[in-house]
Protein chains: 2
Amino acid sequence: MKTKDKIIHAALGLFNECGERNVTTNHIAAHLGISPGNLYYHFRNKEDIIDSIFDQYVNYLADNFQPHSEGDVTLEVMMRYLDSMFETMWRFRFLYYSLPSLLSRDPNLHKKYLKFQEISAQREVDLLFSLQKNNVVNIQMEDLDELANSIKVVLVSWVSYRTTISKDAKVYKTDIYRGILKTLFMMKPYFTEQALVDYQHMREYYLRLATAETVVPDINGELF
Amino acid sequence: MKTKDKIIHAALGLFNECGERNVTTNHIAAHLGISPGNLYYHFRNKEDIIDSIFDQYVNYLADNFQPHSEGDVTLEVMMRYLDSMFETMWRFRFLYYSLPSLLSRDPNLHKKYLKFQEISAQREVDLLFSLQKNNVVNIQMEDLDELANSIKVVLVSWVSYRTTISKDAKVYKTDIYRGILKTLFMMKPYFTEQALVDYQHMREYYLRLATAETVVPDINGELF
DNA sequence: GTCTATAAGTCGATAGAC
DNA sequence: GTCTATCGACTTATAGAC
């Protein structure tokens, strides 16, 4: 792996583990066993590193999200979407750990973020609309946008929320499944009777994952 | 006003306006026209200032929240509760601007926060339960806790969320009313038919407040 | 209580040799 | 590409005079 990629990789791992504000360029260099000067040969500054990670994040999500086939959009398709969203947020969780602070310090990143949010908001509305057409949900048209937005709020806030109520101020993988359960629950009042059966199955599935024994993250496993 | 109180007051204003991480003890002192040494005579360190503000926050909420009378708990009572919650979060919005970062740096504050959250969570469950008894909402018992929790997630995340989607990375008072609308919307599927009429009225009321001309906050008005 | 002055440390970033 | 060495800016916090 090239040094530039190594830096991005190490930075992501350390940011996720310790929070971006607590990780200096010196830390990243030391962690890789390279000099600070070398790091600054590859990146103009710390912001530059974060920007690169954000680009990876957007690409990662684009790769892992199959645009829903024009066929039937079932609850399962919706779940795959939420799965992939939460999975990505786990992988890049430092971004959501203190998003306001991150964005206020980097207007360029903020612009990119807003653009990205606009796209995913539209995608969620589309998904709900398709669920509607397939009789999975029954939502009044005037409520559809707002439900999609409510789900989005919980989605982007989840990592941060779980961090605040965690005794050791950390998120674990099981927290992610709880997030999926939470968004499922928010859709529950709108499910049609036949979809409610599927809801119960999915709920049980994610509940099992959410209550699985919490594995203390291994920093080496995280980073390499 | 005593110097100690002046410091707390100025710190709160600056934290809200600029974010706690961007405000140093020197900034606070300079803003008040006192010396850094003087500030450190009154507070051991910055953490000490934040802790004092948090205590004010808890007291403020305790004062402004009238424990719901044992009489009828209507939708209006619930709204007064949400009103006062959001109002408090506006007044102390810097706390929610980057809560995870704040709490991870101050374990003592984290403990206090968790205790406080536990109390308010229980209060929200109680409120929903009372609404249930008064035929305002109709919620299956197994869903009551989860709905209360969902509302709480949106509540504590709202300031942060609105900051991220704001073009200038700031929250305004109108954002607060949108937050109330959002929590109202989350309860909507559970309202009984007669309560839905009240819902529409309240929705219109807060919608007017939310879409009122945005007033650019005056830093002097904020601080003095 | 309040001030001035400054120590002690951190962090981002660069210069210049190899 | 990588290293060593270091600068400058900023921040917290304290010592000691008034």
Side-chain angles (χ1 to χ4, degrees), chain A residues 1-54 94-95 97-98 100-110, chain B residues 1-54 94-95 97-98 100-110 223-224:
Chain A
M1 206 194 290
K2 291 184 179 224
T3 302
K4 185 158 186 164
D5 295 324
K6 273 192 205 162
I7 293 170
I8 291 180
H9 195 243
L12 175 58
L14 289 168
F15 287 164
N16 280 341
E17 199 59 29
C18 315
E20 178 264 329
R21 283 307 284 262
N22 304 318
V23 177
T24 70
T25 47
N26 280 5
H27 288 147
I28 301 168
H31 185 84
L32 283 170
I34 68 171
S35 68
N38 192 0
L39 184 147
Y40 277 94
Y41 171 79
H42 291 284
F43 292 92
R44 277 195 312 282
N45 49 35
K46 194 180 173 186
E47 215 168 66
D48 196 15
I49 300 175
I50 296 171
D51 276 12
S52 295
I53 295 179
F54 187 78
F94 87 92
L95 287 173
Y97 183 76
S98 53
S101 160
L102 211 60
L103 298 180
S104 74
R105 277 179 291 139
D106 186 347
N108 186 43
L109 182 66
H110 197 170
Chain B
M1 205 193 289
K2 291 187 178 215
T3 302
K4 185 158 185 164
D5 294 325
K6 274 193 205 160
I7 293 170
I8 291 181
H9 194 244
L12 176 57
L14 290 168
F15 288 165
N16 280 341
E17 198 60 28
C18 315
E20 176 264 328
R21 281 310 281 265
N22 303 319
V23 177
T24 69
T25 47
N26 281 4
H27 289 148
I28 301 168
H31 186 83
L32 284 171
I34 67 172
S35 67
N38 193 359
L39 185 147
Y40 276 95
Y41 170 78
H42 291 284
F43 292 93
R44 278 196 312 283
N45 49 35
K46 194 179 171 186
E47 213 168 68
D48 196 14
I49 300 176
I50 295 172
D51 275 13
S52 294
I53 295 179
F54 187 79
F94 87 91
L95 286 172
Y97 183 78
S98 52
S101 160
L102 210 61
L103 298 181
S104 75
R105 276 178 292 139
D106 185 348
N108 187 44
L109 182 66
H110 198 169
L223 294 173
F224 300 111

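Note: hydrogens, waters and symmetry copies are ignored here, and every other heavy atom, side chains too, is used.
- Residue B/Thr24 is classed as a sugar-phosphate contact, given heavy-atom separations below 4.0 Å to backbone atoms only.
- Axis angle, first five pairs versus last five pairs of the helix from C/dG1-D/dC18 to C/dC18-D/dG1: 10°, rounded to 10°.
- Under the side-chain hydrogen bond (donor to acceptor under 3.5 Å, both in side chains) criterion, A/Ser35 pairs with no residue at all, not counting sequence neighbours.
- Remark: B/Ile50 CD1 to B/Ile8 CD1 distance equals 12.0 Å, nearest 0.5 Å.
- Separation of atoms CD (B/Glu47) and CG (B/Leu102) is listed at 9.0 Å; rounding is to 0.5 Å.
- Here salt bridge (Lys or Arg N to Asp or Glu O under 4.0 Å) pairs that include residues 18-42 of chain B, with residues two or more places apart or in two chains, are B/Glu20-B/Lys46, B/Glu20-B/Arg105.
- Residue A/Ser35 is in base contact, counting any heavy-atom pair closer than 4.0 Å across all strands shown.
- When DNA chain C is scanned 5' to 3' for any atom under 4.0 Å from a heavy atom of chain A, the first and last hits are C/dC11 to C/dT14.
- B/Asp48 places no side-chain N or O within 3.5 Å of a backbone atom of B/Phe43 that could act as its donor or acceptor partner.
- For the atom pair A/Ile49 CD1 and A/Arg44 CZ, the distance stands at 11.0 Å (nearest 0.5 Å).
- Taking a 4.0 Å limit (strictly below) on heavy-atom distances, residues 42-54 of chain B reaches DNA chain C at B/His42.
- A distance of 8.5 Å separates NE2 of A/His42 from NZ of A/Lys4, quoted to the nearest 0.5 Å.
- Residues meeting the side-chain hydrogen bond (donor to acceptor under 3.5 Å, both in side chains) test with A/Ser52, sequence neighbours left out: none.
- Residues satisfying the ring pair (Phe, Tyr, Trp, His ring centres under 6.0 Å) criterion with A/Tyr97, sequence neighbours excluded, are absent altogether.
- In this structure, the ring pair (Phe, Tyr, Trp, His ring centres under 6.0 Å) partners of A/Phe54, at least two apart in sequence or on a different chain, are A/Tyr57.
- Using modelled atom types, no side-chain atom of B/Ser98 and backbone atom of B/Ser101 make a donor-acceptor pair closer than 3.5 Å.
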Polar-atom pairs under 3.5 Å, protein N or O versus N or O of nucleotides 5-9 of chain D: list them with distances, or write none.
none

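- Scanning for side-chain hydrogen bond (donor to acceptor under 3.5 Å, both in side chains) contacts around B/Thr3 gives an empty result, with sequence neighbours left out.
- Once rounded to the nearest 0.5 Å, the distance linking CD1 of B/Ile7 with CG of B/Leu12 reads 13.5 Å.
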